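Just the heavy atoms: all of them, side chains too, but no hydrogens, waters or symmetry mates, feed the values below. Keep in mind it's a predicted model, so treat the numbers as computed, not measured.
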Amino acid sequence: ELDASGAEVVSLFLDYGAVSPRAGEREQLPTFLKNMVRVATAHGHLFRTPAQLLGGSTPVGEKYDVPAPITWAYGDHSLDAFTGNDLQQEAINRLYELEDAVMRLGDGNILRAWSRLQSSDHFYYMTQRFEERGELNRFSPYESALEAYNNFLNVLTDLELRAHRR
């Protein structure tokens, strides 16, 4: 790609779970990132945010409408790992049922918590596809999909109470 000045741009997208999937290995991620930056800058590479790269650029083309969720995961790009079971469906439905109350409140802390609960990781931890094959979801910090679901609902219920109390 080229940025607004015509310089070559390399976009790097890291899946943190792939870099450091288990809680006991999480200290490896900061070390990896520091070393990556050190080596890259030693070879003359610069790091920029998307806003810095696009500053002054004019959009080309039309707005791209994405009316339904999509994923790059899995060869078939199926959302089943995120939305394919009853636990995930209930968690997603309850989360989005809370949207109006959260938006009406205008409380930054509650909005931030609600936004963080929308991370696809939470729903991926609830997938049962690994358990159905007798495997462990190596990207999840939980022992089972049910444990992930129960933890998520505990946090969501607390947020619901906070949002409706005001």
With [X], which residues qualify under side chain to side chain donor-acceptor pair (under 3.5 Å), at least two apart?
| X | value |
| --- | --- |
| N150 | none |
| T41 | none |
| N35 | R38 |
| E147 | none |

Would you list the atom pairs, donor with acceptor, under 3.5 Å between side chains in residues 43-54 and any protein atom, with sequence neighbours excluded?
unit_1: H43; atom_1: ND1; unit_2: V39; atom_2: O; d: 2.8
unit_1: T49; atom_1: OG1; unit_2: Q52; atom_2: N; d: 3.1
unit_1: T49; atom_1: OG1; unit_2: Q52; atom_2: OE1; d: 3.4
unit_1: Q52; atom_1: OE1; unit_2: T49; atom_2: N; d: 2.7

So, do [X] and [Y] sit near enough that their side-chain heavy atoms are less than 4.5 Å apart?
| X | Y | value |
| --- | --- | --- |
| H164 | L98 | yes |
| S140 | Y124 | no |
| R138 | L136 | no |
| N93 | E90 | no |

Does the E131 side chain pair with the main chain of Q128, one donor and one acceptor, at a distance under 3.5 Å?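 A pair under 3.5 Å: no.
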Does A163 offer a backbone N or O that forms a donor-acceptor pair with the side chain of W114 under 3.5 Å?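 Checked: no pair found.
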Using salt bridge (charged side-chain N to carboxylate O under 4.0 Å, His left out) as the criterion, list what pairs up with D158, not counting sequence neighbours.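 Residues passing salt bridge (charged side-chain N to carboxylate O under 4.0 Å, His left out) with D158: R162.
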Mind checking what makes side chain to side chain contact (heavy atoms under 4.5 Å, CB included) contact with [X], not counting sequence neighbours?
| X | value |
| --- | --- |
| I92 | T83, Y96, F123 |
| R116 | R112 |
| N151 | Y142 |
| R133 | F130, E135 |

Under the side chain to side chain contact (heavy atoms under 4.5 Å, CB included) criterion, do T157 and R94 qualify, and how do the steps go? CA-CA 9 Å; T157 299; R94 280 188 55 186; 3.1 Å; yes
What pair of heavy atoms forms the shortest contact from [X] to [Y], and how long is it?
| X | Y | result |
| --- | --- | --- |
| M126 | L87 | SD-O, 4.1 Å |
| V102 | I110 | CG2-CG2, 4.0 Å |
| L111 | M103 | CD1-CE, 3.8 Å |
| L79 | T71 | CD2-CG2, 3.7 Å |

Atom pair CG (N154) and OH (Y149), whose distance is rounded to the nearest 0.5 Å =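 Going from the CG atom of N154 to the OH atom of Y149 covers 10.0 Å.
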Which value, rounded to the nearest 0.5 Å, describes the distance between M36 atom CE and L33 atom CG?
->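 Taking CE in M36 and CG in L33, the distance rounds to 5.5 Å.
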Criterion side chain to side chain contact (heavy atoms under 4.5 Å, CB included) on K34 and V37, from CA distance to verdict: CA-CA 5 Å; K34 285 178 190 172; V37 170; 6.0 Å; no
Assess the side chains of N85 and Q88: does a donor N or O sit below 3.5 Å from an acceptor N or O?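 A donor-acceptor contact under 3.5 Å links the two side chains.
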